[in-house]
Amino acid sequence: MKGKLIIVDDELFIRKGLRKLIEVYADNWVVAGEAKNGEEAFQLLESLRPDLAIVDIRMPGLSGIELAERVFRQEIPVKLVILTGHKDFTHAQAAVKYNVSDFLLKPCPEQEVLMMLERMYGLILAERRQREREERLLTEEAVKALLLRLPLHDGMTPLLERQLLGRACWFVSGFADTKGKFAGNMPLLQFAMRNIMEELLDTFACNGCYVAIQYNLAALFIAYPDSAGHPARLEQELCHSLVTHIRELLGADIQMTAAGVIPSLALVPRLYEQIGLSTGAPAAGPETDGWPGGHNPLFTGAQALQDDWMYFIANGYPERLREQVMAEVASVEALPQPMQRSRAQAVSTVLQTLGRKIIRLQSGEGAGQTSGGAAGDDSGAGSGQQASRDSLLPQAPPSFPFMEILSEETDACGLRRQAEQLLDLFGEWQERSNRQAIRQTLDYIHENYMNDCSLSEVAAHVHFNPAYLSTLFRKETGERFVNYITRVRMEQAKTLLNNTDKKVAEIAQLAGYDDPNYFSTIFRKMYGVTPNKYRKND
């Protein structure tokens, strides 16, 4: 997902300079529009709905501060960054009360602009993940209300129709008596079960919605892929896989009961009632804080950690992953003993889920799987690529210590060991996948330099996020991506100038440049002479 921004400045050269910088180096962003004053900018904000606006403080008509105030008053969902000179900086700070996100002092060094864009992108993604979590919880509550014939919130019917109609409904039961680390902690067991089920559904190219209904009962709504040639066989394989992996990884024996495909929302509660699984047990069980009638804090907190940490894994941020994981471990260690075990279990469950996801990535290496800095994984999942059915979760649990079912003695010490093991696993995989990606990148450049061969195109080829690939490329080769590909093209141009009678315009085309004049400018900048003079001197 790319962020969308607009540039607002009355000076044309500043707008064009920022646009060029963003288009070349800020691969997470796209410039959706430009405006030369605040009034034009406000119209763009309403029509384009960008994520970010970079706004000059001084403009004719509506100033940057006045634009910020109008955006604030009308609650337009956009982040604003103010461009200001030193003499206006104190005045610009007044815009803080209008929720301006950042300030840039003109003239702005390129690196500061790019760092600001990276910060803004991270904030936007974090907010988007939070909204998605909230929407997911709201959807699950609405599904549960529908099943139990409870009143629905206004506006939920269209959402439920999108989520449920045409899907196969399964009820999951029989796991309330599980032994081991999840005994008495049903919210955490439900969380772990949902994670495993979603991983397996992804393996089978299915979409699914898992909803806890009662203390010992859940519903699973599955949309099978259009390509499924034998739905009945697929259902059988999926059901067997779910039961097997829940038993192997969580120590819980579940039963899967098919209720049929949902033709209308009105039939959903009837399916639930006809299946006869409702025990009348209270929605809240031991240590659930009202689960699932109200979302357990451990559950929602664990989901937030998992989303954030998976984002770091998918986008290649090992330092940030280590910092946050170890900070969470330290916070668990600081808790009083009665609270420590439950929180340690929750974080441990997240670590186990992330470990399985990393194993998925490892199993897909060399087969077009998402690598570190995964392309297209901005939501934080990073696992949207589909593996073969046998490669997502092995038929037997992996032999990594942190994947094992923990005993009753789960505590902060064991959690710290698990965290270190996960970080080591991620580090080893990332180092290996990074080396492989750089090799593939170099090969691709040398085979395709005569074509567009943009950073985004190459990043898609190696399944990396463009911004991460750009940083990694410079780290591994000591050279910027743009500079490297320019050098490859110029070396090829030199070879053609030395060994053929082709015209300069034709050589420019063969070297990857549509504009012969631009080609000649770059050639002269690199070698000090024009292509024609180089040929004559040679």
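- What you find for Leu160 and Ala142 is that their closest heavy atoms are CD2-CB, 3.9 Å.
- Nearest approach of Ala68 to Tyr98, heavy atoms of both residues: O-CB, 3.8 Å.
- Using a cut-off of 4.0 Å between Lys/Arg side-chain N and Asp/Glu carboxylate O, Arg432 and Glu428 are scored as not salt-bridged.
- Residues Ala511 and Arg489 come closest through the heavy atom pair O-CG, 2.9 Å.
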- [ ] Assess whether side-chain contact (heavy atoms from CB on, under 4.5 Å) is satisfied between Met59 and Asp9, documenting all intermediate values.
- [x] CA-CA 7 Å; Met59 294 180 294; Asp9 199 299; 5.6 Å; no
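- At most 12 non-hydrogen atoms from other residues, nucleotides or ligands lie less than 6.0 angstrom from CD of Glu75.
- Remark: Glu127 pairs with Lys79 by the side chain to side chain donor-acceptor pair (under 3.5 Å) rule, at least two apart or across chains.
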TODO: Might you work through the side-chain contact (heavy atoms from CB on, under 4.5 Å) test for Glu319 and Phe312, ending with a clear yes or no?
DONE: CA-CA 9 Å; Glu319 297 83 5; Phe312 296 145; over 6 Å; no
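- Nearest heavy-atom pair across Ile54 and Ile22 is CD1-CD1, 4.4 Å.
- With respect to the salt-bridge test (charged N to carboxylate O, under 4.0 angstrom), the residues Glu34 and Lys16 qualify.
- Counting heavy atoms from C-beta on, the side chains of Ile14 and Lys106 come closer than 4.5 Å.
- In this structure, the side chains of Leu12 and Arg15 come closer than 4.5 Å at one or more pairs of heavy atoms.
- Within the 4.5 Å cutoff, no side-chain heavy atoms of Val504 are placed close to those of Thr530.
- Atom CG of residue Asp424 and atom CD of residue Gln421 lie 8.0 Å apart, to the nearest 0.5 angstrom.
- Taking a 6.0 Å sphere around CD of Glu135, one finds it holds 12 or fewer heavy atoms contributed by other residues, nucleotides or ligands.
- A salt bridge links Glu23 to Arg19: one of the charged nitrogens lies within less than 4.0 Å of a carboxylate oxygen.
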TODO: List the steps, then state whether side-chain contact (heavy atoms from CB on, under 4.5 Å) holds for Trp29 with Glu118.
DONE: CA-CA 9 Å; Trp29 290 95; Glu118 184 176 355; over 6 Å; no
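- Here Lys475 contributes atom NZ and Ile438 contributes atom CD1; the two are 10.5 Å apart, rounded to the nearest 0.5 Å.
- The backbone N or O of Lys4 lies less than 3.5 Å from a partner atom in the side chain of Asp51, making a donor-acceptor pair.
- A salt bridge between Glu39 and Arg70 is present, with a side-chain N of the basic residue lying under 4.0 Å from a carboxylate O of the acidic one.
- Here the CG-CG distance, from Leu80 to Asn99, works out to 9.0 Å after rounding to the nearest 0.5 Å.
- In Arg524, the CZ atom is not crowded: 12 or fewer heavy atoms of neighbouring residues, nucleotides or ligands sit closer than 6.0 Å.
- Counting all heavy atoms, side chain and backbone alike, Leu469 lies closest to Ala459 at CD2-CA, 3.6 Å.
- Lys494 is listed as a side-chain neighbour of Phe523, based on a closest heavy-atom distance under 4.5 Å.
- No side-chain donor-acceptor contact under 3.5 Å links Glu199 and Asn195.
- Atom CZ of residue Arg474 and atom CG of residue Asn483 lie 8.0 Å apart, to the nearest 0.5 angstrom.
- For the 3.5 Å distance criterion, the side chains of Tyr534 and Asn498 qualify, holding a donor opposite an acceptor.
- In this structure the side chain of Leu472 never reaches within 4.5 angstrom of the side chain of Thr441, judged on heavy atoms.
- Within 6.0 Å of CE in Met115 there are 12 or fewer heavy atoms belonging to other residues, nucleotides or ligands.
- Closest non-hydrogen pair, Pro50 versus Ile6, comes out as CG-CG2, 4.0 Å.
- With sequence neighbours left out, the ring pair (Phe, Tyr, Trp, His ring centres under 6.0 Å) criterion links Tyr449 to no other residue.
- Here the side chains of Phe72 and Lys97 are not in contact, with every heavy-atom distance at 4.5 Å or above.
- When side chains are defined from C-beta on, Glu140 counts as touching Arg194, because their heavy atoms get closer than 4.5 Å.
- Phe473 is linked by a ring pair (Phe, Tyr, Trp, His ring centres under 6.0 Å) to Phe481, Tyr484, counting only residues two or more places apart in sequence or in another chain.
- In this structure a side-chain-to-backbone donor-acceptor pair under 3.5 Å is missing from Glu112 to Pro109.
- Using a 4.5 Å cut-off on side-chain heavy atoms (C-beta onward), Asn28 and Leu117 make no contact.
- One distance of note links CD of Glu69 with OG of Ser63; it measures 9.0 Å at 0.5 Å rounding.
- A search for side chain to side chain donor-acceptor pair (under 3.5 Å) contacts involving Arg487 returns Glu479, not counting sequence neighbours.
- Ring centroids of Phe426 and Trp429 are separated by less than 6.0 Å, placing the two rings close together.
- Taking CD1 from Ile358 and OG1 from Thr353, the interatomic distance works out to 11.0 Å, rounded to the nearest 0.5 Å.
- Counting non-hydrogen atoms of neighbouring residues, nucleotides and ligands closer than 6.0 angstrom, the OH atom of Tyr527 exceeds 12 such neighbours.
- Among residue pairs with one or both ends in residues 320-330, those qualifying as salt bridge (Lys or Arg N to Asp or Glu O under 4.0 Å) are Arg322-Glu420, Glu328-Arg343; sequence neighbours excluded.
- Side-chain contact, Arg133 with Gln130: a donor N or O sits under 3.5 Å from an acceptor N or O.
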- [ ] Under the side-chain contact (heavy atoms from CB on, under 4.5 Å) rule, what do Ile57 and Phe103 come out as? Steps first, then yes or no, please.
- [x] CA-CA 10 Å; Ile57 189 173; Phe103 300 90; over 6 Å; no
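- Taking Asn451 as the reference, nothing meets the side chain to side chain donor-acceptor pair (under 3.5 Å) condition, with sequence neighbours excluded.
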